[in-house]
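Have a look at the structure below, then the notes.
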Amino acid sequence: MSEQGVEVPRALTSGPSAFIPAKEILKEGPDQEILIESFLSLGRVDHIAMVMALHHDYLSCFLRTQHALFELDGPLPRVWRHYIAIMAAARHQCSYLVQQHSVGFLEAGGEESWLSGVEHAPTKLRSLQTLNKLLAHRPWLVVQQHIQELVCPGAEPRWSLAELIHAVILMAHAHSLCSFVWGCGINPEPDHVGGYTFQSASPSRLSHSPHSPAHEDSRQELANGAVEVEVLMKRMVELQQQREGEEEECTQEEMVTRFERERSESIPTVVVRGAPPDQVLCLVEDPEFRYEDFAPRGEQAPPTMRAQDYSWEDHGYSLVNRLLPDMGQLLDEKFQVVRDLTYHRMAMHEGVDTHMLRKALWNYIHCLYGIRYDDYDYGSVNVLLERSLKVFVKTMACHPEQTTARIYYAFWRHFRHSEKVHANLIVMEARLQAALLYTLRAITHYMR
């Protein structure tokens with residue numbers, strides 16, 4: 001074609017991720033079957049699926065959930081489902097997901113004008129904007145009144161509870177997936193804007209990923225990374241022995257104090273990105289509204305949500321299943337798979353029980369969102385999660401658009417990339433569950 005004078009686009013990036021070498025992702029293994037299945041159902045294997053395939057048990061239930069959310073029978077038309085996901089992804093400046101769902105939106109018969117700004121979308125969809133920004137950035141502020149304004153008789157236009165729960169899960173799903181896209185440095189697809197060029201390859205035009213400042217893999221860094229692994233292994237053993245040897249448990253007051261100390265710890269995250277592209281910005285209302293610490297220093301923090309008072313297992317699961325049949329089951333399976341996922345190894349060590357570390361990660365993310373487990377000792381979080389990991393986790397869970405390669409490379413320097421992707425999955429699912437819990441609690445209060 002190029003010999004005949006036709007301009008042929010060239011992919012700007014090599015591989016699905018700016019952080020993970022392509023050879024570590026695109027290799028033969030047990031994940032091949034699930035990727036073939038993905039290709040047959042979607043007509044392509046996107047970069048998200050390729051990276052998630054490092055954990056094929058998780059990818060399998062993720063694809064089932066996503067298929068049910070966007071394709072199976074439900075209260076919302078397919079056009080609306082994709083548009084809601086677009087509105088949600090735009091909150092985190094995630095042009096990858098905005099472009100992906102824009103294609104789905106147009107294929108489902110959506111009006112192209114809606115993509116040039118939310119003001120062109122129906123009033124009913126625009127009425128989700130407040131809930132969308134709260135879910136994305138400060139879900140603990142979602143209360144019964146927000147639900148009432150959308151579903152009570154007299155609301156114009158009125159949402160049914162089934163429609164609203166579908167919309168809420170779509171938004172929370174997209175917000176948490178933004179965390180994964182940014183946290184794994186997912187590259188644009190070859191047919192996305194930013195994923196290709198018509199210029200010919202030349203040394204002066206070598207592509208530099210926007211995600212990646214230089215990463216020096218020096219011997220000293222590797223040595224430090226090896227020491228970190230040994231320290232973490234030792235801490236896990238000591239913590240386990242301490243638990244088994246404890247004759248008296250911590251008092252409840254001490255447990256609360258440790259939680260408060262953890263949630264109010266100052267973990268700085270730096271704003272590093274400029275303004276989002278226009279194709280994303282036009283889909284965001286109130287772009288200045290961002291994440292703020294659940295417990296800003298010196299201010300009255302919102303009340304903590306005690307997991308015993310409103311939990312996914314005892315309350316959220318059944319409510320979702322009642323309003324959107326089978327969705328509670330699909331979400332529950334996804335939460336369980338990611339929490340139980342283990343290969344009994346850590347960096348260069350085999351036969352390791354990583355349960356404590358995985359639980360500390362999950363509970364730390366819920367702590368950032370103001371959710372406390374009465375029976376969990378938050379002292380473990382400080383012992384097991386070193387500061388560079390906390391910086392990565394907080395950035396990715398709270399403002400993922402600020403994630404950079406430097407933050408990604410700084411934590412767990414001796415761990416496999418697949419283990420870092422595993423950490424990304426835990427952050428994504430813990431964040432999703434936390435956002436859902438606040439909204440489902442508000443819906444429960446409305447229904448009483």
Side-chain angles (χ1 to χ4, degrees), residues 11-22 24-27 29 31-71 81-82 85-86 88-105 107 169-196 209-211 280 330-331 334 337-338 341 396-397 400-401 403 405 408 417-418 420-429 431-432:
L12 269 174
T13 56
S14 62
S17 165
F19 302 165
I20 308 168
E24 295 207 21
I25 297 170
L26 307 170
K27 55 187 178 186
D31 49 301
Q32 292 297 301
E33 203 171 306
I34 187 73
L35 292 178
I36 291 167
E37 194 181 307
S38 171
F39 178 78
L40 292 174
S41 66
L42 302 173
R44 72 191 301 163
V45 181
D46 64 26
H47 289 168
I48 291 175
M50 287 184 196
V51 175
M52 277 186 187
L54 290 167
H55 303 283
H56 58 277
D57 286 350
Y58 174 81
L59 174 60
S60 179
C61 59
F62 173 84
L63 290 174
R64 279 198 299 279
T65 306
Q66 186 154 271
H67 179 70
L69 272 175
F70 289 97
E71 305 298 332
R81 299 181 201 192
H82 285 290
I86 290 166
R91 292 262 21 137
H92 284 309
Q93 305 177 20
C94 187
S95 54
Y96 180 96
L97 287 179
V98 168
Q99 291 190 71
Q100 195 180 52
H101 286 290
S102 295
V103 171
F105 169 79
E107 283 177 352
I169 295 168
L170 284 164
M171 288 186 285
H173 172 86
H175 296 147
S176 61
L177 195 51
C178 289
S179 288
F180 186 83
V181 169
W182 285 114
C184 290
I186 300 292
N187 279 325
E189 298 291 330
D191 56 343
H192 280 183
V193 173
Y196 63 87
S209 164
H211 300 284
V280 173
L330 286 164
L331 290 170
K334 197 152 59 78
V337 166
V338 86
L341 191 62
M396 205 177 115
E401 61 280 0
T403 309
Y408 174 88
H417 285 289
S418 62
K420 292 193 171 196
V421 172
H422 188 175
N424 272 280
L425 294 176
I426 292 172
V427 176
M428 176 171 89
E429 291 298 335
R431 176 192 176 175
L432 171 64

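Looking at H67, its side chain never comes within 3.5 Å of a backbone N or O of L63 through a donor-acceptor pair. Judged by distance alone, the side chain of Q99 and the main-chain N or O of V193 form a donor-acceptor pair under 3.5 Å. Using a distance-only test at 3.5 Å, with no hydrogens or angles considered, a donor-acceptor pair links the side chain of H55 to the main chain of S418. Of the possible donor and acceptor atoms, none in the side chain of T65 sits under 3.5 Å from a partner among the backbone N and O of L331. A donor-acceptor contact shorter than 3.5 Å is absent between the side chain of S60 and the backbone of H56. Between the side chain of H92 and the backbone N or O of P400 there is no donor-acceptor pair closer than 3.5 Å. A distance-only check finds a donor-acceptor pair linking the side chain of E189 to the backbone of H47 [under 3.5 Å].
Counting all heavy atoms, side chain and backbone alike, V337 lies closest to Y58 at CG1-CA, 3.8 Å. Residues A49 and L59 approach most closely at O-CD2, 3.6 Å, considering heavy atoms. What you find for A22 and G15 is that their closest heavy atoms are CB-CA, 3.9 Å. Between A174 and A85 the shortest heavy-atom distance is CB-O, 3.9 Å. Between T403 and M396, the shortest heavy-atom distance links the atoms OG1-CA, 4.1 Å. Considering all non-hydrogen atoms of both residues, K334 and F62 come closest at CD-CA, 3.8 Å.
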Intermediate values then yes/no, side-chain contact (heavy atoms from CB on, under 4.5 Å), V421 and I20: CA-CA 10 Å; V421 172; I20 308 168; 3.6 Å; yes
Verdict with supporting geometry, N424 and S179, side-chain contact (heavy atoms from CB on, under 4.5 Å): CA-CA 8 Å; N424 272 280; S179 288; over 6 Å; no
Test log, rule side-chain contact (heavy atoms from CB on, under 4.5 Å), inputs V45 and M50: CA-CA 7 Å; V45 181; M50 287 184 196; 3.8 Å; yes
Worked verdict on Y96 versus I48 for side-chain contact (heavy atoms from CB on, under 4.5 Å): CA-CA 10 Å; Y96 180 96; I48 291 175; 3.5 Å; yes
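Side-chain contact, R431 with S176: no donor N or O sits under 3.5 Å from an acceptor N or O.
No salt bridge links R81 with E71; every basic N to acidic carboxylate O contact stays at or beyond 4.0 Å.
For F70 and H101, the distance between ring centers is under 6.0 angstrom.
The structure places CD of Q100 at 10.5 Å from CD1 of I86, a figure rounded to the nearest 0.5 Å. Rounding to the nearest 0.5 Å gives a distance of 5.5 Å between CD1 of I186 and OG of S17. Distance CG/D57 to CE/M52: 13.5 Å, rounded to 0.5 Å. For the atom pair SG (C94) and CG (L177), the distance works out to 7.0 Å, reported to the nearest 0.5 Å.
Every residue meeting the ring pair (Phe, Tyr, Trp, His ring centres under 6.0 Å) condition with F105, not counting sequence neighbours, appears here in chain and number order: Y83, W114.
Residues N187 and P16 are not in side-chain contact: their nearest non-hydrogen atoms beyond the backbone lie 4.5 Å or more apart.
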